[in-house]
Number of protein chains: 2
Amino acid sequence: MAKIKPGKNTSKKEVIIKSASVLFRTRGFSAATMRELAEAVGVEAPSLYNHIGSKSEILQAICFKVANAFNDQLAAIETQQVNTISKLEHIIRFHIQMMMNYYDEVFVANHDWKHLEEPYLSNFLMQRRNYEKRLVAIMEEGIRKKECKNLNPFVVVLTMLSAVRGLEFWQRHKKNISVKVLEDDMVNQLLKGITAK
Amino acid sequence: MAKIKPGKNTSKKEVIIKSASVLFRTRGFSAATMRELAEAVGVEAPSLYNHIGSKSEILQAICFKVANAFNDQLAAIETQQVNTISKLEHIIRFHIQMMMNYYDEVFVANHDWKHLEEPYLSNFLMQRRNYEKRLVAIMEEGIRKKECKNLNPFVVVLTMLSAVRGLEFWQRHKKNISVKVLEDDMVNQLLKGITAK
């Protein structure tokens, strides 16, 4: 079999992570084997180990790649000098784009994080709780500034996160709806109801 | 061990189904054994088989009990002489109440339906697709009657269903928020954005 062929802008490790995301999503992390991964990448198993130590290490790479993407984006949004509804709109659109463009990675991070080993498991869960808290803080600020209705901030954040996470089912359906309509209509539905007049 | 003790208004089979829902949710359907179920019900395994044939049969009972509850409620709502937004509000509130009052059963139906055997698997999936289509039809009627904004009906339905399904995470968190606030705020957030002015 051939060597791992990285693309123009991707490292060999990134090629492995991408293939592993597809494999873990379709086969399940527990069932997937390093041999299957080698086949998917198109190399012999030993050559995989030149780039990555174990299945566990790949799962860590996937979960923290996804977590970092969300954290970095949120950090950028938090410092924007715009009103709360615009911030929430950016967040929703970013979640939808991640679901569309990095579906396999996001799916694995959403479902298989429970197979992370310590200390990665605790770290990942702490990051998720923090992410949720930062969203709640944005909503609380919006209520304080009277940019948002006085709804329970936790309920609002849960509803938003659940709605975007539900795009998993959407991916399975592959309905013929453009990402633009999806983004615009979800933003409309999720934000108009919480915007103060 | 004792005999299966039904409550005033519950049959022995219902007692078994309730215990099985808790067991399947916490242990996972595949891992759970009839012996564990017998222990949970508080009887010897052989006496379980007087009431129910197999683990598979119990899963069918749980999944179709949940499906029937949603179908019956939707059928009642479809015939109501109220506007579309009221219909959707009833549907959202019913989903939230089911999540709160029959959490174990709904969780098992949402996650373990894939372990159903044929012809039950196909039947269950057909019922789910139908349920979704009937919700889309309600939204389409609302757009036609100009009671709803002209949003993509499938996106609206997916957002609603995903948001209520996300209450799974809520159940795990057990935040100190009343069901009334939860219902009212979710209805507010999910419906104000789709209501035509």
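Letters go in sequence order (proteins before strands), and every chain restarts at 1. Computed from a prediction, not measured in an experiment: that's the story for all the values here.
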*Would a distance-only check, ignoring hydrogens and angles, find a side-chain to backbone donor-acceptor pair under 3.5 Å from B:Asn123 to B:Pro119?*
no
_Closer than 3.5 angstrom, by distance alone: can the side chain of A:Glu141 be matched with the main-chain N or O of A:Lys145 as a donor-acceptor pair?_
no
*Apply side chain to side chain contact (heavy atoms under 4.5 Å, CB included) to the pair B:Gln80 and B:His90, showing each step before the final yes or no.*
CA-CA 10 Å; B:Gln80 282 175 358; B:His90 285 176; 3.0 Å; yes
*Can you name the residues of residues 58-68 of chain A that have some heavy atom under 4.5 Å away from a heavy atom in chain B?*
none
_Close approach to chain B in residues 179-190 of chain A, criterion heavy atom under 4.5 Å_ = A:Val181, A:Leu182, A:Asp185, A:Met186, A:Asn188, A:Gln189, A:Leu190
_Under the rule for side-chain contact (heavy atoms from CB on, under 4.5 Å), what residues qualify as partners of A:Gln81, not counting sequence neighbours?_
none
*Could you please spell out the steps behind the side chain to side chain contact (heavy atoms under 4.5 Å, CB included) verdict for A:Ser19 and A:Val22?*
CA-CA 5 Å; A:Ser19 294; A:Val22 177; 5.9 Å; no
*asked:* Can you list everything that forms a ring pair (Phe, Tyr, Trp, His ring centres under 6.0 Å) with B:Phe94? Sequence neighbours excluded, please.
replied: B:Phe70
_Distance-only donor-acceptor check, side chains B:Asn50 and B:Ser47, under 3.5 Å_ = no
*With chain B, which of A:Val156, A:Val164, A:Leu161 has the greatest number of heavy-atom pairs at distances under 4.5 Å?*
A:Val156
*Decide, yes or no, whether a salt bridge links A:Lys18 with A:Glu105 under the criterion of side-chain N to carboxylate O below 4.0 Å.*
yes
*Electrostatic pair B:Arg144-B:Glu140, nearest N-O below 4.0 angstrom*: no
*Any idea how A:Tyr103 and A:Phe107 line up, ring-wise: parallel (<30°), tilted (30 to 60°), or perpendicular (>60°)?*
perpendicular
